[in-house]
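Below: one structure, written as structure tokens.
Since the structure is predicted, the reported quantities are computational estimates derived from the model, not experimental observations. Starting from 1, each residue takes its place in the sequence as its number. Excluded from the calculations below are hydrogen atoms, water molecules and symmetry mates; all remaining heavy atoms, backbone and side chain alike, are included.
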Amino acid sequence: MARSSSVVKASLPKQRRQLRPRRSPKQFQRATDLSLPGAEDIFAAAAAEHLVQQDPAAATALGYITASDETLVVHAGEKLRKNGMADTDSIATPIVSGTTHWFKNSADLIAFKEGRRHSFEYGRYGNPTVSVLEEKISALERAEATLVTSSGMNAIVATLLALVPPGGHVVTTTDCYSEARAFIRERLSKMGIRSTFVDLNDIETLKAVLDQGDVTLFYTDSPTNPHLKCIDIKLVAEMCHRKGTLVCIDSTLASPINQKPLTLGADIVMHSATKYIAGHHDVIAGCISGSEALIKTIRAWHQGLGGAISPDAAYMIIRGLKTMTMRVETQNRTSLRMARLLENHPKIEHVYYPGLKSSPWHHIAESQMTGFGGIVSFEVASNLHGVMMFIDALQIPFIATSLGGCESLVQQPAVMSFWGQSDEEKAKNGIKDNLVRFSFGIEKFEDLRDDILQALEKI
């Protein structure tokens, strides 16, 4: 499957190349009114995007080129930049640790306040290093804007609080992130916000709920954790938008490399940037991408919540992002090969992986993903203690939560996440005692294969 690309203006002498983010058709039409502030730049970007799509040869002749994800993770926000950041001759993005930024005079401050001068004021509102990271993620997601937060959970909370007012109605799925599910059920209800939970693949029930006409936001993960179910983002977005409902997709388990929900019709895409985006199990962060208007609304709430990420953490994620395409593609290949191997192993009862043709979500994943991710879940033909023996016999992966890093991680959800919970609660979440979730890193496939096979022989 071909990976989509973003449009950039080729370098001219003594000029920086400018990133041309994808614009929506509505904005393209609106930008033809050149009396609007910034309309000329918006129109130029939209026209360039249209030209590249319609006549690549002509676009190349005019100096436009397409930038792949492999190039964007390295250069977007830095050599390819949209915002007016201060120039630097450093290849590596500087870590700007200052919490407060000063102004030359009152006129300079007023120009900043009125948006005529791009600068920063206070670290909780924005930071030059963080801004580079936000622009880089925007380029990958084909988004107008991105907000980076202190954690994935902070991103979820800020989005829900900003976009769903008291009296609003959130529809989510029974498979969404467990802590998000708890926040929606237990916290939002105290704020006068209603919630409805539907099965991820029960489109008819979702349609019935939407037909009531009072749903503010639909929120779900795709793929889900740990069963890797996928929702038809394009179909759901069309259904929701007909009823005036916003669509938010948590795409953490896919990464921006494998899936771009905004191009499929979603209004908001979020990630636990701790996972594939940072990629090294050494920094916690979240990110939210979407239109300028929606991100501006969320950013205002985020500033009130105080979930700012440190410049040092932002730098670590920028550095991690530069290898994300290589990491994710390795994880995709390893996971697909391992899923196929395990599917035919006599000691494995069932394998959950959207890349398998046997998966009930394969046709959806194939239509909207360029790779199927680095997680494989499977049920071992044994009981709780037999699976514990299998996991303990593994030599390469760490027994740990989280996912998406260079090191492989393994966990038994019945022990890691659901220990002490009732059989009824586990069954409600589809958690069997023999379920294993394996997050593959970038180790050599043959080493991981041999390790899993020898561990299976121990039970």
Shortest non-hydrogen contact between [X] and [Y], atoms and distance:
{"X": "Gln259", "Y": "Ser222", "value": "NE2-O, 2.9 Å"}
{"X": "Ser272", "Y": "Thr252", "value": "N-OG1, 2.8 Å"}
{"X": "Leu435", "Y": "Ser377", "value": "CD1-CB, 4.2 Å"}
{"X": "Leu140", "Y": "Pro256", "value": "CB-CB, 4.1 Å"}
{"X": "Cys287", "Y": "Ile277", "value": "SG-CD1, 3.8 Å"}
{"X": "Gln368", "Y": "Leu264", "value": "CB-CD1, 3.5 Å"}

Please examine the side chains of [Y] and [X], heavy atoms only from C-beta on, and report whether any two atoms are closer than 4.5 Å.
{"X": "Val328", "Y": "Asn258", "result": "yes"}
{"X": "Val410", "Y": "Phe398", "result": "no"}
{"X": "Leu72", "Y": "Lys136", "result": "no"}
{"X": "Leu456", "Y": "Ile348", "result": "yes"}
{"X": "Ile295", "Y": "Glu144", "result": "no"}

Going from [atom1] on [X] to [atom2] on [Y], what distance comes out if it is rounded to the nearest 0.5 angstrom?
{"X": "Cys406", "Y": "Phe440", "atom1": "SG", "atom2": "CZ", "value": "15.5 Å"}
{"X": "Leu394", "Y": "Met389", "atom1": "CG", "atom2": "CE", "value": "12.0 Å"}
{"X": "Lys426", "Y": "Trp419", "atom1": "NZ", "atom2": "CH2", "value": "8.0 Å"}
{"X": "Thr93", "Y": "Leu133", "atom1": "OG1", "atom2": "CG", "value": "9.0 Å"}
{"X": "Asp267", "Y": "Ser289", "atom1": "CG", "atom2": "OG", "value": "13.0 Å"}
{"X": "Gln411", "Y": "Phe438", "atom1": "CD", "atom2": "CZ", "value": "11.5 Å"}

### Task
Kindly state each residue pair satisfying ring-ring contact (aromatic ring centres under 6.0 Å, His included) with at least one member in residues 269-291, sequence neighbours excluded.
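Those involving residues 269-291 do not exist here.
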#### Entry: ring-ring contact (aromatic ring centres under 6.0 Å, His included) contacts touching residues 187-234 (sequence neighbours left out)
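Those involving residues 187-234 are His227-Tyr352.
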Does the [X] side chain pair with the main chain of [Y], one donor and one acceptor, at a distance under 3.5 Å?
{"X": "Arg124", "Y": "Gln303", "answer": "yes"}
{"X": "Glu121", "Y": "Phe112", "answer": "no"}
{"X": "Thr224", "Y": "Lys229", "answer": "yes"}
{"X": "Thr330", "Y": "Met326", "answer": "yes"}
{"X": "Thr216", "Y": "Val170", "answer": "no"}
{"X": "His75", "Y": "Thr71", "answer": "no"}
{"X": "Ser335", "Y": "Gln331", "answer": "yes"}
{"X": "Thr220", "Y": "Cys176", "answer": "no"}
{"X": "Asn434", "Y": "Asn383", "answer": "no"}
{"X": "Thr205", "Y": "Val198", "answer": "no"}

### His362-Phe372 aromatic ring centre distance below 6.0 Å
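Judged by ring-centre distance (under 6.0 Å), His362 and Phe372 do meet the cut-off.
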#### Entry: Pairs meeting criterion side-chain hydrogen bond (donor to acceptor under 3.5 Å, both in side chains) with involvement of residues 151-166, two or more places apart
none
Atom [atom1] of [X] with >12 non-hydrogen neighbours under 6.0 angstrom:
{"X": "Lys347", "atom1": "NZ", "value": "yes"}
{"X": "Leu246", "atom1": "CG", "value": "yes"}
{"X": "Glu114", "atom1": "CD", "value": "yes"}
{"X": "Phe183", "atom1": "CZ", "value": "yes"}

### Query
Checking side-chain contact (heavy atoms from CB on, under 4.5 Å) for the pair Leu188/Leu161: CA distance, chi angles, key distance, verdict?
CA-CA 8 Å; Leu188 292 188; Leu161 293 179; 4.0 Å; yes
### Task
Check step by step if side-chain contact (heavy atoms from CB on, under 4.5 Å) holds for Arg327 and Met324.
CA-CA 5 Å; Arg327 288 187 283 104; Met324 183 169 63; 3.4 Å; yes
Only pairs under 3.5 Å count here: list side-chain donor-acceptor contacts from residues 309-322, not counting sequence neighbours, and write none if there are none.
unit_1, atom_1, unit_2, atom_2, d
Ser310, OG, Ala313, N, 3.1
Lys322, NZ, Val74, O, 2.8
Lys322, NZ, Glu78, OE1, 2.7

### Message
Tell me whether Lys357 is salt-bridged to Glu343, with the criterion being a basic N under 4.0 Å from an acidic carboxylate O.
### Response
no
### Message
So that I can tick it off, tell me whether Lys260 and Glu141 are bridged by a salt bridge, with the cut-off set at under 4.0 angstrom between side-chain N and carboxylate O.
### Response
no
### Under the side-chain hydrogen bond (donor to acceptor under 3.5 Å, both in side chains) test, residues paired with Arg437 that sit two or more places apart
Asn225
### Message
Side chains of Glu70 and Ser68 only: does a donor on one sit below 3.5 Å from an acceptor on the other?
### Response
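Per modelled atom types, Glu70 and Ser68 side chains form a pair under 3.5 Å.
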### Message
Within the 3.5 Å criterion, strictly below it, is a donor on His169 or Thr196 matched to an acceptor on the partner's side chain?
### Response
yes
#### Entry: Residue pairs passing the salt bridge (Lys or Arg N to Asp or Glu O under 4.0 Å) test where at least one lies in residues 178-194, sequence neighbours excluded
Arg194-Asp214
